[in-house]
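These notes concern the structure reproduced below.
FYI, the numbering just counts along the sequence from 1.
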Amino acid sequence: MNDSKSLRSRISKVVQDIPRSGIRDFFEIVSSREDVISLGIGEPDFVTPWHIREAASLALDRGVTSYTSNMGLLSLRRGIAQYIQKKTGVEYNPVDEVLVTVGVSEGLDIAIRALIEPGDEVLYHEPSYVSYNPLIRFAYGVPVAIQTKKENGFRLTRQDLEENVTEKSKVLLLNYPNNPTGAALSRKDVEDIAAFAIEHDLIVLTDEIYDELTYDREHFSIISVPGMRERTIYLHGFSKAWAMTGFRMGFTCAPPELTEAMMKIHQYTMLCAPILSQEASIEALKNADADIAYMKAEYKKRRNYIHASFEEMGIPCVRPDGAFYAFADISQFGMTSKEFALRLLDEQNVACVPGTAFGACGEGFIRCSYAAAFDDIKEAMVRVARFIEKL
Ligand code: PLP
């Protein structure tokens, strides 16, 4: 009775229908092999700055090992509100408008679940971060993927939105600077999208986890546009700019009604974010400006290098404005993205992610993370050049 086929048939249809993340599949192949240079994972090669690690160790030494309030430590929420105010000019009340989550991953999940009823449509742009489509489906929502185009630098335009909005559209999910394309938006782009959201009465979820990492222009958040704070859940976290992936720390900022709705889900599923990570994040907000500036300058060098290398090889690649990914167009080689990535791995020991992991319109592209060490990136580019020469 309990054979594996029968157990599989008991699994919820929604879960059965959702494939594993294409990134994870590649990651597992890579970790089973030696001498592979990985440009696959979107994770800083930097260790978390020492003073942030020390804050966690000292808290542990003091015996700080308890639960916190469901919302998170008030001192951390105050720090978050100050940080956001400084960055965007927008004020949030740390008491009932800031919620500390287990990474932006959890923030996304509870934001979507708090809003979506079965059949509600969520507009989002593709190529996109791998979790958006599954999270919408786990919540019985309908994902409406809007294809962004290389010709527009993968920026979402008002026209793209107009073509996809329907009576059932409830939420617009944005991610700029973008994973996987590296695209960032101008102030005008953001204002146009905001006007659209207001006109169509949409709630906006804005995943700004890469907001610190823009290289050619200042990031402008949609919450700074008048009329948007009221209809937006702002999502951010410490994984990327602070190199704190393993701490699993994120947060949401939103009006009290939406925060309370998300808090209910968070309270029953997570209870609270880990206290040591919260202690570390208090320190991160206070004293890490120089660390962020240093890492960002390094990423910028790597960005310039990887972009120039692809262009020299005759592989078109929109110059990434933000995050730490290059999305290179390999369509000229007559292979699918997956074939290209697998052969590159097999023949040259370089791992990247096929563009299709980020949606069907990623076909013809590969994503290379330049959060890897500079020397690794250099060697990887030599190997890619060798690989395409032989094709
Ligand atoms: N959102 C985007 C766009 C990401 O790229 C990632 C991680 O790669 C996440 C969210 C998840 O981040 P976290 O580590 O905070 O859960």
Side-chain angles (χ1 to χ4, degrees), residues 19-43 45 126-130 145 147-154 178-183 215 299-391:
R20 281 158 49 114
S21 153
I23 299 187
R24 282 285 136 191
D25 278 352
F26 254 75
F27 187 57
E28 267 153 42
I29 302 176
V30 172
S31 50
S32 65
R33 295 178 42 166
E34 281 170 17
D35 192 32
V36 171
I37 297 182
S38 178
L39 307 183
I41 296 291
E43 175 154 34
D45 71 315
E126 269 187 359
S128 75
Y129 178 52
V130 290
Q147 299 189 6
T148 55
K149 299 171 199 78
K150 189 176 120 199
E151 299 70 56
N152 291 334
F154 297 107
N178 181 257
N179 175 8
T181 62
Y215 307 108
Y299 295 139
K300 186 170 181 176
K301 274 192 239 158
R302 299 172 193 184
R303 187 278 308 254
N304 293 347
Y305 184 85
I306 203 166
H307 178 251
S309 304
F310 276 127
E311 294 283 315
E312 263 167 42
M313 284 181 234
I315 297 181
C317 175
V318 175
R319 187 178 159 92
D321 266 352
F324 36 53
Y325 308 102
F327 206 56
D329 179 348
I330 48 87
S331 54
Q332 62 184 297
F333 300 108
M335 280 182 257
T336 65
S337 305
K338 194 161 182 187
E339 281 162 359
F340 187 96
L342 282 172
R343 279 190 59 186
L344 182 62
L345 182 60
D346 265 355
E347 295 171 30
Q348 297 293 338
N349 278 342
V350 174
C352 60
V353 183
T356 41
F358 309 99
C361 66
E363 187 55 275
F365 294 86
I366 51 165
R367 188 195 77 172
C368 296
S369 163
Y370 53 87
F374 204 169
D375 285 346
D376 283 350
I377 295 174
K378 278 188 182 158
E379 175 58 24
M381 290 298 108
V382 171
R383 294 185 190 186
V384 173
R386 216 183 289 145
F387 174 67
I388 60 166
E389 228 168 70
K390 286 194 193 153
L391 292 177

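G322 approaches Y370 most closely through the heavy-atom pair O-OH, 3.9 Å. Closest of all the heavy-atom pairs between S337 and G362 is OG-O, 3.5 Å. Taking each heavy atom of S21 and V130 in turn, the nearest pair found is OG-CG2, 4.1 Å. Of all heavy-atom pairs spanning P320 and Y215, the tightest one is O-CD1, 4.4 Å. The heavy-atom pair separating P127 from T181 by the smallest distance is CG-CG2, 4.0 Å. For the residue pair F327 and C317, the shortest heavy atom distance occurs at O-SG, 3.9 Å.
Contact annotation: the side chain of R319 approaches that of R303 to within less than 4.5 Å [non-hydrogen atoms, C-beta and beyond]. Proximity of P180 to V353: side-chain heavy atoms (C-beta onward) are nowhere separated by under 4.5 Å. A 4.5 Å side-chain heavy-atom check between D329 and F310 finds every atom pair outside the cut-off. Residues F154 and N178 form no side-chain contact, since every pair of their non-hydrogen atoms from C-beta on lies 4.5 Å or further apart. Two residues are said to be in side-chain contact when any heavy atoms from C-beta on lie closer than 4.5 Å; V382 and K378 fail this criterion. Inter-residue side-chain proximity for S369 and Y325 is flagged as met; some heavy-atom pair is nearer than 4.5 Å.
Salt bridge annotation for R33-D346: present, with a cationic side-chain nitrogen under 4.0 angstrom from a carboxylate oxygen.
Enclosure of atom CD in E379 by more than 12 non-hydrogen atoms of other residues, nucleotides or ligands within 6.0 angstrom is indicated.
Between the side chain of T148 and the backbone N or O of E126, at least one donor-acceptor pair lies under 3.5 Å. A donor-acceptor pair under 3.5 Å is absent between the side-chain atoms of R367 and the main chain of A326, judged by distance alone.
Between the CD1 atom in I37 and the CG atom in D375 there is a gap of 9.5 Å [rounded to 0.5 Å]. We find the CD1-SG distance between I41 and C352 to be 12.0 Å, quoted to the nearest 0.5 Å. Atom CD1 of I366 is separated from atom CD1 of I315 by 6.5 Å, given to the nearest 0.5 angstrom.
Neither side chain, E363 nor T356, offers a donor N or O lying under 3.5 Å from an acceptor on the other.
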- Please test M381 against M313 for side-chain contact (heavy atoms from CB on, under 4.5 Å), starting from the C-alpha separation and ending with a verdict. CA-CA 9 Å; M381 290 298 108; M313 284 181 234; 3.8 Å; yes
- Item | Worked verdict on D45 versus F374 for side-chain contact (heavy atoms from CB on, under 4.5 Å) | CA-CA 10 Å; D45 71 315; F374 204 169; over 6 Å; no
- Go through the steps to decide whether L344 and M335 satisfy the test side-chain contact (heavy atoms from CB on, under 4.5 Å), and finish with yes or no. CA-CA 12 Å; L344 182 62; M335 280 182 257; over 6 Å; no
- Let me see the working for K390 and Q348 under side-chain contact (heavy atoms from CB on, under 4.5 Å), right down to the final yes or no. CA-CA 11 Å; K390 286 194 193 153; Q348 297 293 338; 3.9 Å; yes
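The aromatic rings of F387 and F340 sit perpendicular, their planes meeting at an angle over 60°, well past the 30° parallel limit.
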